[in-house]
There are 2 protein chains.
Amino acid sequence: MTRPAKRPTSFDVARAAGVSQTTVSFVLNNRPGQSIPEGTRRRVLEAARSLGYRPHASARALAAGRSDIVLLAVPDLPIGQGISRFVEGLAAALAEHGLTLVTHLAGAHGRPLPDVCAAVGASAVVGFGAFDPDTVQALHHAGADVVIPAHGDQDVAMQSIGHLQAEHLIARGHRRIGYAMPAHTGLVSMAEDRLKGVIQACADAGVDPPLVARTSLDAGSAAQAVTRWTERSITGICAFNDETAIAVLAGMREHGLTAPADLAVVGVDDIPTAGLAAPPLTTISFGIQEVVARRAEAVVAELAGNRFDDARPWLYPEIVQRAST
Amino acid sequence: MTRPAKRPTSFDVARAAGVSQTTVSFVLNNRPGQSIPEGTRRRVLEAARSLGYRPHASARALAAGRSDIVLLAVPDLPIGQGISRFVEGLAAALAEHGLTLVTHLAGAHGRPLPDVCAAVGASAVVGFGAFDPDTVQALHHAGADVVIPAHGDQDVAMQSIGHLQAEHLIARGHRRIGYAMPAHTGLVSMAEDRLKGVIQACADAGVDPPLVARTSLDAGSAAQAVTRWTERSITGICAFNDETAIAVLAGMREHGLTAPADLAVVGVDDIPTAGLAAPPLTTISFGIQEVVARRAEAVVAELAGNRFDDARPWLYPEIVQRAST
DNA sequence: ATGAAAGCGCTAACAA
DNA sequence: TTGTTAGCGCTTTCAT
């Protein structure tokens, strides 16, 4: 246990630079509207650097009344690589505004999101799907100034995913569509949003609504779903995500069926193993950059007190056409 | 924008309960060594509840000199289900000690770990692999009281994974082993640790050291690796992880080879799609519960100032035997 | 252009 | 058993 020589404070820096704490604060935050002579400024910066000074986050947050911490609430388990890219991108985008992103995994056993929010003193909370009003309430109560996305925005985006899947299948001549729901309970609400999009697309095209079957991530379970579909002459499947889609592919193998001849399958996420599946999986990928930029902007704007109103979509899904279709 | 009526402070609670802030603090933290009459205690609790009081994290951290925030540094990309379970489990275990876990994704573009540590005021930082001494240093400097795992502990655990993979192959008669390294740079150091284990196992069994080939997550690249192996009569592959292993399987398919007859493959992680691969992938899974408990104990102990010394292993890897072997 | 001083909300000696 | 008091390290208003 090395108790590493007490951290230098802004006061230490002030003394070393021969100025006051105030000046140090001004310089380090390069506060607008102050004209600090280049000389002073450099002395402060130099002193800070040579002391290895780090502002104390809690103290700063306490005094300033807000932290620069943004909390990202990640839904339950089964997220793939896409999410990492999302998180990374968001972290980077926020970092450019001096904000720090940390992530909380939402699962059943961790503590509730508002507790975490309060515990880290986050001033903003970002989610994937929309937060329901109660949660928003609770988060504000826990000290969050801004909570994104608001209810409504995101659901539509989710639907657009399903819509795109079904559209693709329909465009390729499929008239009888199936939907592969994940068995995992944490996913159903998201899945239902996507399913709505599929239903809509079917309606738009004047084909029958999708036949929904639930499957977990094993070949046996998927094989049963496949049976249900083939019995009803379904020819194209929209799967909730790539993992589910890969399970469907495995289920088809059990029946000696192959994609896309017997059943065409479309996933969502474009996880790394999607392209490695047999046959390679057609899927939906996202323009992560846009999505990230969107979210980051929204956070920054609202944190600055400006209502963020932007008609652009929350998600930019696009088809990745591969052999399974 | 509802600016929701300033949050109640501990002072408000004190007034409402007709006691002093001190008493409130004692009650709410149920500080040991204080005998607070049940009546007072309940009045305080009641007041706090009815005001919807939440302690202000920053203020508390500032005053107490330590936060109850633990920062988990997650390495780059390959987040599978295993990691989620790990995170969740750790969060739950820490929560029982009043600690809050948040996660930072390490990738290239986010801000450096020490910055995040400082920004959230974490008092402990937990990683998967060991932190190198410089990083440990930097983290302490950034305000972390404890950093886990220390260098050394974890490497050995990583090696044990590779060891187990190779052992399995050797036990099944393979004498010429290959190793599939991921191309992704963020992974190489972890991969090298695992590779060491493979090398060791080969040495232990008196077989040739493994032939290492690098592959990215596409069939073409993997096919090249497969060529290198088959040219040298390799019969069994230890892959860095399941994704890599699945790529190898795809690469084999390109050559018309099938596992395990032509080449046996063992992955690591037991990701959901591992069992859905064709053929289902033999892999290494972990006794997450043990690992989690281990880490959590270590954090709690060291945070309490007790050096954590425990000979038990850091990882509990075990083979999941499936058709690819 | 810079500094003095008053807190931010909480904890923890120390008194009472 | 409870209250008084002094900070924790920083920001920020108000003087200078």
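All heavy atoms count here, side chains included; hydrogens, waters and symmetry mates do not. Convention: sequence-line order gives letters A, B, ...; per-chain numbering from 1.
The side chain of Thr23(A) lies closest to dT2(C), out of dT2(C), dT12(D), dT11(C). Here the side chain of Ala63(A) is nearest to one of dT11(C), dG9(D), dG3(D), namely dG9(D). If you check dC10(C), dT2(D), dG9(D) against the side chain of His56(A), the one that comes closest is dG9(D).
Distance CZ (Phe11(B)) to P (dT11(C)): 15 Å, rounded to an integer number of Å. Note: CG (Leu62(A)) to C1' (dG9(C)) measures 6 Å, nearest angstrom. Rounded to an integer number of Å, the gap from Glu38(A) CD to dT2(C) C1' is 16 Å. Distance, Arg54(A) CZ to dC8(D) P: 22 Å, rounded to whole Å. Residue Arg66(B) contributes atom CZ, which lies 15 Å from atom P of dC10(C) at whole-angstrom precision. Between Arg7(B) atom CZ and dG9(C) atom C1' there is a gap of 10 Å when expressed in whole angstrom units. Atom CD in Gln21(B) sits roughly 21 Å away from atom P in dT1(D) (whole-Å rounding). With rounding to whole Å, Phe26(B) atom CZ is found 10 Å from dG3(D) atom C1'.
For Phe86(B) and Phe286(B), the ring centers are positioned 6.0 Å apart or more.
Residues Pro8(A) and Tyr53(A) come closest through the heavy atom pair O-CD1, 3.3 Å.
OP1 or OP2 of dG3(D) sits under 4.0 Å from a side-chain N or O of Ser20(B). Residue Arg60(B) has no polar side-chain atom (N or O) positioned under 4.0 Å from OP1 or OP2 of dG9(C).
Annotation: side chain of Asn30(B) is in contact with side chain of Arg41(B) (closest heavy-atom distance under 4.5 Å). Taking the side chain as every heavy atom from C-beta outward, Arg54(B) and Pro114(A) approach each other to under 4.5 Å. Proximity of Val87(B) to Leu72(B): side-chain heavy atoms (C-beta onward) are separated by under 4.5 Å at one or more points.
Contact annotation for Val19(B): backbone-only contact, meaning every heavy-atom pair under 4.0 Å involves sugar-phosphate atoms and none involves a base. Among the atoms of the strands shown, only primed sugar atoms or phosphate atoms (P, OP1, OP2) are found under 4.0 Å from some heavy atom of Thr40(A).
For dT4(D), the base has a donor-acceptor partner in the side chain of Thr22(B) [N/O atoms by modelled type, under 3.5 angstrom].
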